[in-house]
Asks: 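Have a look at the structure that comes next, please.
Ligands are counted one by one from 1 in listed order, and the atoms in each one are counted from 1 as well. Positions are given from 1, in the same order as the sequence printed here.
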Amino acid sequence: MNTAATNAELIETKEKMQQERCSSSDRPLDPGCLLPQDAERSADQPGRAVVDFPVAAVLPAGGSGERMGLTTPKQFCSIFNRPLISYTIQAFERLPWIVMVVVVVAKDNHDLMLNIVRKFNHTKVKVVHGGTTRHRSIYNGLQAFSDSTDSSTPKPKVVIIHDAVRPFVEEDLLLKITLAAKEQGASGAIRPLVSTVIATTSESYLDHSLERAKYRASEMPQGFLYDIIFQAYQRCSEFDLEFGTECLHLALQYCGTNARLIEGPPTLWKVTYKRDLAAAEAIIKETLSVSACIIAEAEEEAVELAKTLQKNLNMMETDVIPCGKESNVQYLSKTRNFIHISASASSSLWVLEMVKCFEDIDHARLYPVVIVWVQLSMTKQSADSQETDEFMALASEVKQRNVLLYGIKIDHSKEWHPVWSSAAVAHLLQAWTCCAFRDALLHTSELEQWQRSLERLGQITLVLIRDRNMALTGQMLHV
Ligand SMILES: Nc1ccn([C@@H]2O[C@H](COP(=O)(O)OP(=O)(O)OP(=O)(O)O)[C@@H](O)[C@H]2O)c(=O)n1
Ligand SMILES: O=P(O)(O)OC[C@@H](O)[C@@H](O)[C@@H](O)CO
């Protein structure tokens with residue numbers, strides 16, 4: 001055999017396969033955007049325009065979450081003191097074109113679920129009891145619409161079935177799934193496979209491997225004409241109900257309806273193992289930390305510091321507003337992160353006034369709001385114990401309303417109180433040329449120290465916002 005020819009063929013084949021792999025749609029070149037679109041959408045959602053028929057959702061949540069390895073079923077595990085299932089419900093409830101969300105829970109969790117509905121003010125939810133398998137739970141959920149005696153759950157035209165432990169689902173995909181289900185009778189979200197699928201022998205050896213490019217992972221949401229999926233469940237076998245995992249298969253097998261498949265974003269994954277809960281928390285933290293509102297009290301030092309801090313928080317979208325405007329809904333509703341800068345340990349009355357504003361627009365119901373109070377300390381003394389106790393008590397009070405209050409003191413006690421803006425640096429340069437030369441040199445080391453303090457202030461502020469650590473609320477940190 002001509003080795004040179006064989007090598008050339010091998011190289012050519014490898015290059016061809018590499019080109020195919022990079023071009024084929026089954027290989028996401030990068031994980032893509034992991035941040036769900038806005039946690040809440042404004043009133044003019046696109047769906048409102050095109051969905052002119054009743055759409056409902058069924059969220060199976062009757063499992064025990066064995067693979068999570070916790071005593072609490074994973075759908076009730078909390079992120080920021082809020083159960084995972086509440087995030088999923090909210091993803092559907094916030095859309096006006098979804099009229100009802102049926103949540104299917106184990107009988108033992110009925111009261112727990114009702115408490116969650118009440119605490120987080122979920123208004124479109126009906127709770128029904130699940131079964132011993134996911135399919136049985138889904139079937140129970142669908143039956144809630146077929147109970148003609150219960151006018152509170154009218155039969156929808158399209159029903160979306162979505163695992164309650166898939167909290168990140170965006171309106172755009174729900175719209176596509178709904179419209180495809182209306183047109184085709186069934187639709188389902190899919191994702192490229194990350195690992196290759198293989199078949200094994202009974203002795204756990206490799207039987208054969210599947211050509212990954214020809215397969216996809218079936219995810220959720222899935223959509224169906226209600227009559228089709230309900231009929232499929234009525235007709236399916238006990239074996240299906242006991243061992244099946246695929247609703248699309250039931251629609252095809254028992255109603256001859258072939259689902260339209262729609263590729264969704266990477267955030268569709270199902271929370272199954274502990275790592276998935278950590279990933280979900282990280283995504284929610286990231287989503288909550290993209291913006292901030294910096295509120296500066298009137299003193300020049302506070303205004304200058306606000307502008308400097310805005311530059312140091314360059315990875316966030318920030319507004320700087322004068323004190324007093326923060327109650328303006330246009331600022332309040334844009335973010336859940338507020339940084340209040342005062343040139344002294346001014347009165348803390350503004351905190352309670354802000355929290356009142358949050359309550360007026362229900363701003364902290366679903367996600368914790370962060371307030372970082374930055375105080376320019378004109379004296380080197382650290383806060384006295386009374387001031388510390390009062391701040392801790394205030395933080396404890398507002399935490400009850402899901403507002404996390406943190407304090408940072410930045411030492412500003414210098415004879416020459418430079419707020420190191422361009423004006424201050426210009427003053428230094430001007431002093432460089434006249435009799436204040438010696439003073440200017442003395443202050444240079446202070447300038448470097450002040451710059452370091454400013455950098456630390458930006459870093460600590462960002463960490464407090466991103467982590468929303470409950471244990472640090474009420475602490476007065478020093479930079
Ligand atoms: N009898 C069941 C079993 C599962 N589910 C729901 O179906 C979804 C997807 O199922 P899965 O991830 O398997 O959840 P669990 O069965 O709880 O997990 P595990 O298999 O690890 O026990 C979950 O929201 C789960 O609560 C359900 O409603 N009724
Ligand atoms: O099998 P599990 O109960 O873990 O999860 C159900 C998933 O299989 C299902 O949600 C998707 O594959 C779509 O059918």
Asks: Between the side chains of Asp240 and Ser237, is a donor N or O closer than 3.5 angstrom to an acceptor N or O?
Replies: yes

Asks: Specify the protein heavy atom at minimum distance from atom 5 (O) of ligand 2: its residue, its atom name, and the distance to 0.1 Å.
Replies: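 Going atom by atom, the protein heavy atom closest to atom 5 (O) of ligand 2 ends up being Lys270 CE, 3.1 Å.
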
Asks: Assess, by modelled atom type and distance only, whether the side chains of Asn312 and Arg456 contain a donor and an acceptor separated by less than 3.5 Å.
Replies: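 Their side chains do not contain a donor-acceptor pair, so the 3.5 Å distance test is not met.
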
Asks: Look at atom 7 (C) of ligand 2 and say which protein heavy atom is nearest, naming residue and atom and giving the distance to 0.1 Å.
Replies: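 That would be Arg166 NH2, 4.0 Å.
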
Asks: Going by the order shown, which atoms of ligand 2 are within less than 4.0 Å of some heavy atom of Ser218?
Replies: 11 (C), 12 (O), 13 (C), 14 (O)

Asks: State, with a plain yes or no, whether a side-chain heavy atom of Leu462 is found less than 4.5 Å away from one of Leu313.
Replies: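 A side-chain contact exists here, since the closest heavy-atom pair is under 4.5 Å.
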
Asks: Is it true that, when you exclude Lys285 itself, more than 12 heavy atoms of the residues, nucleotides or ligands shown sit nearer than 6.0 Å to its NZ?
Replies: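 Above 12, so yes.
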
Asks: Nearest protein heavy atom to atom 1 (O) of ligand 2, by residue and atom, and its distance?
Replies: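 It is Thr245 CG2, 3.8 Å.
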
Asks: According to the interplanar angle, ranging from 0 to 90°, do the rings of Phe120 and His122 count as parallel (below 30°), tilted (30 to 60°) or perpendicular (above 60°)?
Replies: tilted

Asks: Just say parallel, tilted or perpendicular for the rings of His340 and Trp350, cut-offs at 30° and 60°.
Replies: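 Ring orientation, 0 to 90° scale: parallel.
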
Asks: To which of Gln222, Arg134, Glu219, His135 does the heavy atom nearest atom 9 (C) of ligand 2 belong?
Replies: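 The option holding the nearest heavy atom is Arg134.
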
Asks: Honestly, is Arg401 close enough over Phe358, meaning NZ or CZ under 6.0 Å from the six-membered ring centre and within 45° of the axis?
Replies: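 Not satisfied by the 6.0 Å and 45° rule.
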
Asks: For ligand 2, which atoms have a heavy atom of Glu246 less than 4.0 angstrom away?
Replies: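 Close to Glu246: 13 (C), 14 (O).
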
Asks: Have Gln222 and Glu246 got a donor and an acceptor in their side chains that come within less than 3.5 Å?
Replies: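 The answer is yes; a qualifying pair exists.
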
Asks: Which atoms of ligand 2 sit under 4.0 Å from any heavy atom of Arg67?
Replies: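 Result: 2 (P), 4 (O).
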
Asks: Considering only heavy atoms from C-beta outward, does the side chain of Glu170 approach that of Thr267 to under 4.5 Å?
Replies: yes

Asks: Using heavy-atom distances only, which candidate in Ile138, Leu268, Asp163 approaches atom 10 (O) of ligand 2 most closely?
Replies: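 Of the listed residues, Asp163 has the closest heavy atom.
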
Asks: Mind jotting down which protein residues get a heavy-atom contact under 4.0 Å with ligand 1? Chain and number order, please.
Replies: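 Ligand 1 pocket, heavy atoms under 4.0 Å: Pro60, Ala61, Gly62, Gly63, Ser64, Gly65, Glu66, Arg67, Lys74, Gln75, Gly131, Thr132, Thr133, Arg134, Ser137, Asp163, Ala164, Val165, Lys270.
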
Asks: Under 4.0 Å between a side-chain nitrogen and a carboxylate oxygen: does that hold for Lys356 and Asp360?
Replies: yes

